[in-house]
*Asks:* 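One structure, pasted below without further comment.
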There are 2 protein chains.
Amino acid sequence: MGRGRPRGFDRDEALDRAMRLFWTRGYQDTSIADLTEHLGIGSPSLYAAFGSKASLFCAAADRYQAADGGRPGAALAEAPTARAGVEALLRENVALFTKRGGPRGCLLTRATLSCPPSDTTVVAYLERSRRDRLAALRARLRTAEAAGEPLPSDDIDTLAQYYDAQVQGLAVRALEGATRPALLRTVDLTMAAWDALSAR
Amino acid sequence: MGRGRPRGFDRDEALDRAMRLFWTRGYQDTSIADLTEHLGIGSPSLYAAFGSKASLFCAAADRYQAADGGRPGAALAEAPTARAGVEALLRENVALFTKRGGPRGCLLTRATLSCPPSDTTVVAYLERSRRDRLAALRARLRTAEAAGEPLPSDDIDTLAQYYDAQVQGLAVRALEGATRPALLRTVDLTMAAWDALSAR
DNA sequence: CGGTTAATGTAGCGATCGACACAGAAAGGG
DNA sequence: CCCTTTCTGTGTCGATCGCTACATTAACCG
């Protein structure tokens with residue numbers, strides 16, 4: 001153990017910077033030259049540590065989902081009710097998508113629309129992430145249904161896809177430059193709709 | 001007039017094919033080589049007719065908005081009520097985003113997330129299109145408000161941004177592979193929310 | 001110390017990017 | 001017919017793409 005020359009940079013810090021770059025510029029528009037410059041390392045070091053641009057992206061996206069990008073999902077899971085969970089999911093996403101000094105929108109949504117289909121590694125990763133996210137939403141709604149909570153609809157699949165679409169819509173609008181208060185107002189509307197539909 | 005060697009291809013047909021390519025692959029991942037191949041013309045002909053990749057995209061996007069891509073907006077404007085207009089907007093968009101044999105999702109949304117910020121021509125074009133779309137939605141809601149129609153909220157700006165976000169969400173989900181029936185079910189939910197919020 | 005192992009910096013690989021120079025081809029005008 | 005004008009095909013430009021060969025440096029082991 002510890003044989004050979006030690007790595008001259010912090011792997012996690014490099015991943016953070018890579019995450020930020022992919023988040024800001026998308027997948028395809030982030031070049032190896034961009035990465036080596038902002039990570040402060042040469043390309044051989046990058047390839048030795050991460051293997052390829054695709055696998056570096058996957059590692060950076062993992063880090064995204066484990067850090068800031070995971071907060072909305074965690075908020076959904078931990079909330080006492082499905083309503084509180086969905087509202088927290090939406091509000092945490094707005095916070096994430098419009099954080100001051102941070103890239104706007106969602107790293108994964110952005111990558112989904114900017115990754116060439118030929119890059120099967122990244123495409124498969126993104127599909128998996130998306131499916132997991134949808135499954136978490138569905139699961140939270142199902143347990144709420146089992147607990148007898150009032151829901152806007154008894155079609156859990158549709159509900160999950162509906163709120164997932166809300167999140168994607170927020171991500172796109174944030175990237176287009178929508179302000180945080182404006183996004184929060186649409187979240188208010190979404191939650192007002194939840195109440196109006198559940199009350200019946 | 002008519003001097004010089006006549007063009008060897010149909011300009012509008014070429015624009016249609018370019019539109020289809022940009023719609024399918026996004027802006028950045030559509031190369032000049034892809035275009036010359038699918039349009040059946042050499043690159044000098046392409047540049048003579050359209051000027052650059054960016055201006056070709058703008059022309060193709062104009063054609064998109066004048067053809068299929070313009071149907072949702074037209075449906076919104078022509079509907080007798082705001083509710084019918086928004087519902088038609090959403091359903092026409094679902095039809096557009098999931099048309100058999102056609103590219104999935106929205107050409108403009110896709111380009112927004114896959115165009116490098118350095119390409120200021122395309123970025124400016126997309127911003128303008130987006131602003132126009134939002135303005136049309138706002139205008140339709142305002143006339144409805146003036147006509148005394150019941151609306152889900154009296155905040156027209158928020159309403160417009162809300163339904164615009166619905167459309168973007170549908171576009172992303174369509175690109176992710178969501179089926180037309182699934183998208184239509186979420187539209188049903190959105191319209192049920194309209195009714196529930198307007199009734200009160 | 002020397003020897004082994006691994007990370008680094010330089011430098012460049014083949015491929016592709018958007019865009020164009022150039023000469024030839026096809027039309028109208030005289 | 002020739003001249004002008006415009007479009008087309010071949011070939012290629014410099015830049016950049018993702019990626020890597022090679023020699024060097026820096027650590028641990030004995």
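Because the structure is a prediction, the values reported are computed rather than measured. Each chain gets a letter, A, B and so on, in the order the sequences are listed, and its residues count up from 1.
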*Asks:* Within the structure, does a side-chain N or O atom of A:Y47 lie under 4.0 Å from either OP1 or OP2 of D:dC19?
*Replies:*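 Indeed, a polar side-chain atom of A:Y47 lies that close.
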
*Asks:* Given D:dT5, D:dT8, C:dA26, which nucleotide is nearest the side-chain atoms of B:P6?
*Replies:*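 Output: C:dA26.
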
*Asks:* Suppose we call two aromatic rings close when their centres sit under 6.0 Å apart. Are B:Y162 and B:W194 close by that rule?
*Replies:*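 Between B:Y162 and B:W194, the centre distance exceeds or equals 6.0 Å.
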
*Asks:* Which whole-number value in Å describes the distance from A:F50 CZ to C:dT8 P?
*Replies:* 10 Å

*Asks:* Let me know the distance between CD of B:Q28 and C1' of D:dC17, rounded to the nearest Å.
*Replies:*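 Value for this atom pair: 11 Å.
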
*Asks:* Report yes if some heavy atom in the side chain of B:R133 is under 4.5 Å from a heavy atom in the side chain of B:R130; otherwise report no.
*Replies:* yes

*Asks:* Side chain of B:R5: nearest nucleotide among C:dG29, C:dG9, C:dG24?
*Replies:*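 Nucleotide nearest to B:R5's side chain: C:dG24.
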
*Asks:* For B:D119 and C:dC17, give me the distance from atom CG to atom C1', rounded to whole Å.
*Replies:*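 These atoms are roughly 13 Å apart.
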
*Asks:* Would you name the heavy atoms of B:L21 and B:T30 that are closest together and state the gap between them?
*Replies:*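 Closest approach of B:L21 to B:T30, heavy atoms only: O-OG1, 3.5 Å.
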
*Asks:* With DNA chain D as reference, determine whether A:A33 or B:G8 sits nearer its 5' end, using the nearest nucleotide of each.
*Replies:*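 Upstream on the strand: B:G8.
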
*Asks:* Should B:S45 be listed as having a side-chain N or O under 4.0 Å from OP1 or OP2 of D:dC7?
*Replies:* no

*Asks:* If you find the nucleotide of DNA chain D closest to B:A48 and the one closest to B:S43, which residue's nucleotide is nearer the 5' end?
*Replies:*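 Mapping each residue to its closest nucleotide by heavy atoms, the 5'-most match is B:A48.
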
*Asks:* When you get a sec, tell me which of D:dA26, D:dC29, C:dG18 is the closest nucleotide to the side chain of B:K53?
*Replies:*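 Minimum distance to the B:K53 side chain belongs to C:dG18.
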
*Asks:* Side chain to side chain donor-acceptor pair (under 3.5 Å), that's the test. Do A:Q28 and A:S114 meet it? Break it down for me.
*Replies:* CA-CA 6 Å; A:Q28 197 174 2; A:S114 78; over 6 Å; no

*Asks:* Find the distance B:I41:CD1 to C:dA19:C1' and express it as a whole number of Å.
*Replies:* 14 Å

*Asks:* Out of D:dA27, C:dG29, C:dT8, which has the shortest distance to the side chain of A:R7?
*Replies:*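 Given the options D:dA27, C:dG29, C:dT8, the side chain of A:R7 is closest to C:dT8.
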
*Asks:* Identify which nucleotide among D:dC19, D:dT20, C:dA19 has an atom closest to any side-chain atom of A:I32, counting heavy atoms from C-beta outward.
*Replies:*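 Of D:dC19, D:dT20, C:dA19, D:dC19 is nearest to the side chain of A:I32.
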
